[in-house]
Each structure stands twice: as structure tokens, then as C-alpha cells.
Amino acid sequence: MARRRKDWYEHLVDQSANDGIYTLIHGYLPHNWEPGHELDMVVLRLGDLPAKLGTIPGMHISQRLRKEDYCFPGDDYVLLDDFQLTPYLKAARRMQIVEDFEEREFIELLFTNEPKEDIADDEEPQERRSIPDYRTVTPATLDNKEDAIGIAYELLKNANERELALEYARMAETFLDGKGVIIGENIDKDLYEVIRIMLGYNVVAMVYAWNNKIEDAARIDEHYLRYPNVWDTLNDYINPYLEMLMAKKQADYLHFLFEDRDFRNKFLAHYEAYISLLVNDRYELTRMQEVVGIINRVNNALSAYV
């Protein structure tokens, strides 16, 4: 029985029916994940399966692992055939990595939205504020300026209306510049707010780079990119920014960023992808699988942003 001949990222893209797959992959899966086994790689739970998908046909179920040999952390898991994923990827809202009792990792499809954040016993529940639809507001009529971050992100995520995203990014920058965070008695809460602000600046820098405003992007990324103590926390947000710069062929600026040895060592796979793509395509890679995934994203997923 033929196996996948491509890396898992490219395979999921090929199996998907729409561009939503990029949001799922980039939003929920570690960039350096690998199956590490020869079984099919995607599972779901019957209890989470939407009614509209009905019963899973037998031909959609993997033949590489018998159900009686399953050892997933639940009795309603189903391992899907790698070449029958399309309807399930289309319906999925989230993904996560799940490990069975044989320490094998699989991609689990989830069909519900993010769970609501837990509320402490001494806190009053607050109604979650939704971001306005960019089609029903304008930058001039936006009441809550913080919403400019969410709107800019929504447009960025869908590679939609680049110039409008730029307007909201500029508004978001003004809002973020006006935020002042003082570390007080509640250190955890204050640090969380610092990270939120840094994530906002990341969205602004991404939109500026998307609009070829590289000098503006460089000015903004100083708010989060140059602090080693947050690299682990912001890893999943810094990576797409570096990939955007590669897609924009910003070799000089990437050279400047990677001159910092600590930064280069922390994001080594992205450094090697940058060298291979923009400097020397004969460069000897030390992290082949990671770099290939990055290059695929730059050449395919980010093509709409160029």
C-alpha cells in the first residue's frame, strides 16, 4: 500500500478543500512536528464528530492499524486513512497533537471552537467581546481602538484587503504605544498583559511587512523580537514573521536579524531556510525536515501575500 511521498504539511494541504487548512496548521500544530511512524497520521473522536458528517464510511478508516489494536486515550477514537481526509479537514475548527499509549503521536481533528477561559471562583463572569466585522465598520467609525488589532489580524489571516489591513495596523500601533504596563503585586497578570501587547505588535509588524513597509515592520518588531526571555513564549508568532520576511525576499534585513548569534541559534531552522532560499541554495542543511517545511510554507502558503 503506497505511503505518503511528501512531508505531512504538504500532504494536509493537498487533502484540504480550502485555504482554511493554513489557519489550522499554523494556529494549532508545532512547526517542527513529525509523525515518527509509518501509520496514518490523523485521528478524530466520534463524540466530537458533527452530525452533518454522518457515519464514517469504512473506506475512510485506516487499514494500517486495526481497531482492536488502538491504544488511544479514549474508546471513541478513529484513525483515518491519509487519503480520505478532505471532508474532515473541511469541517475541523481546531487541531492538536495526541499521543497514544505506545507513545506515537497523531494529529487530532477537533470540530468545536476554543473552550471559554476558566473563570476564577472570585471573579464575575464577563461577556466575551467579539471583534467587529471589517465589512460593517471603517477605521473612522471603530469605537474601541483595541479592536483594530483583531481586524488587522483577521485581514492578515485571510490575505484579504492589504491596504485596509494597513490602516487598521497603524491604528493598532497608536493604541499599543499608548498602553503602559506596570509590574505590580499580581506579577502573573501583569506579565500576561505584556505578552498580549507584544502579540499585538507582532500583528502590526506582519501587516507592515505584508504591505512592503519593511522599515516600519523593523521599527515595530523591536518591541518583541529583541527580547530573548520571551522567544519561547512567542515562538509560534515569531516564526511566521520570519517566513513573511523570506516571502518578501528581505535578505538584507534577515541577515541583520540573524547576526545576533543567540537569535540565530534559537531560530536555526529559519536561518537555514533563509540561507537556502535567498543566499545559497547549495547550503548544507542540518535540519532538513524542518527547513523543507519552512520553505514549503514560504513558497506555497505565503504566495498570496507577495
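Positions are given from 1 along the sequence.
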With side-chain contact (heavy atoms from CB on, under 4.5 Å) as the test, would you mind laying out the steps for Glu108 and Val43 before giving the verdict? CA-CA 5 Å; Glu108 180 179 352; Val43 300; 3.8 Å; yes
Heavy-atom pair of closest approach, residues [X] and [Y]:
| X | Y | result |
| --- | --- | --- |
| Gly54 | Leu49 | O-CD2, 3.5 Å |
| Ala91 | Leu53 | CB-CD1, 4.0 Å |
| Ala205 | Tyr224 | CB-OH, 3.7 Å |
| Pro57 | Tyr88 | CD-OH, 3.7 Å |
| Trp210 | Ala165 | CZ3-CB, 3.6 Å |
| Met41 | Asp82 | N-OD1, 3.1 Å |

Quick check: is [Y] connected to [X] through a chain of hydrophobic side chains (ILVMFWY, heavy atoms under 4.5 Å apart)?
| X | Y | result |
| --- | --- | --- |
| Leu278 | Leu285 | yes |
| Leu89 | Ile56 | yes |
| Leu254 | Ile214 | yes |
| Ile195 | Ile238 | yes |
| Leu164 | Ile151 | yes |

More than 12 heavy atoms of other residues, nucleotides or ligands under 6.0 Å from [atom1] of [X]: yes or no?
| X | atom1 | answer |
| --- | --- | --- |
| Glu99 | CD | yes |
| Asp252 | CG | no |
| Tyr227 | OH | no |
| Glu284 | CD | no |
| Asn265 | CG | yes |
| Tyr153 | OH | no |
| Asn280 | CG | yes |
| Lys213 | NZ | no |

Using side-chain contact (heavy atoms from CB on, under 4.5 Å), reason through Leu277 and Lys249 one step at a time and then give a plain yes or no. CA-CA 9 Å; Leu277 277 170; Lys249 303 188 184 304; over 6 Å; no
Near-ring test Phe263/Phe267, centroid separation under 6.0 angstrom: yes
Would the Tyr274 and His255 ring centres measure less than 6.0 Å apart? no
Check for a donor-acceptor pair, side chain of [X] on one end and backbone N or O of [Y] on the other, with a separation under 3.5 Å.
| X | Y | result |
| --- | --- | --- |
| Asp216 | Tyr208 | no |
| Asn211 | Arg162 | yes |
| Glu163 | Glu161 | no |
| Asn202 | Met198 | no |

Can you find a side-chain donor-acceptor pair between [X] and [Y] that sits under 3.5 Å?
| X | Y | result |
| --- | --- | --- |
| Asp177 | Tyr201 | yes |
| Thr112 | Arg93 | no |
| Asn239 | Glu243 | no |

Answer yes or no: is there a side-chain heavy-atom contact under 4.5 Å between [X] and [Y]?
| X | Y | answer |
| --- | --- | --- |
| Asp40 | Leu65 | no |
| Val194 | Val230 | no |
| Glu173 | Val207 | no |
| Ile107 | Ile97 | yes |
| Asp143 | Val137 | no |
| Phe258 | Ile275 | no |
| Pro73 | Val98 | yes |
| Glu290 | Glu272 | no |

Kindly assign one of parallel, tilted or perpendicular to the pair Tyr70 and Phe72, based on the angle between their ring planes and the thresholds 30° and 60°. perpendicular
Euclidean distance, [Y] [atom2] relative to [X] [atom1], rounded to 0.5 Å:
| X | Y | atom1 | atom2 | result |
| --- | --- | --- | --- | --- |
| Gln84 | Met59 | CD | CE | 4.0 Å |
| Arg261 | Tyr271 | CZ | OH | 11.0 Å |
| Ile25 | Met95 | CD1 | CE | 5.5 Å |
| Thr86 | Leu80 | OG1 | CG | 11.0 Å |
| Lys90 | Ile21 | NZ | CD1 | 13.0 Å |
| Thr286 | Leu268 | OG1 | CG | 5.0 Å |

Could you go step by step and tell me if Arg104 and Glu102 meet the salt bridge (charged side-chain N to carboxylate O under 4.0 Å, His left out) rule? CA-CA 5 Å; Arg104 297 172 298 207; Glu102 294 290 337; 5.5 Å; no
ring-ring contact (aromatic ring centres under 6.0 Å, His included) test vs Trp33 passes for just one of Tyr9, Tyr28, Trp8, namely Trp8
Pairing of Asp221 and Arg226 as salt bridge, 4.0 angstrom limit: yes
Do Tyr77 and Asp100 pass the side-chain contact (heavy atoms from CB on, under 4.5 Å) test, and can you show the C-alpha distance, the side-chain angles, and the key distance before you say yes or no? CA-CA 10 Å; Tyr77 275 89; Asp100 72 2; over 6 Å; no
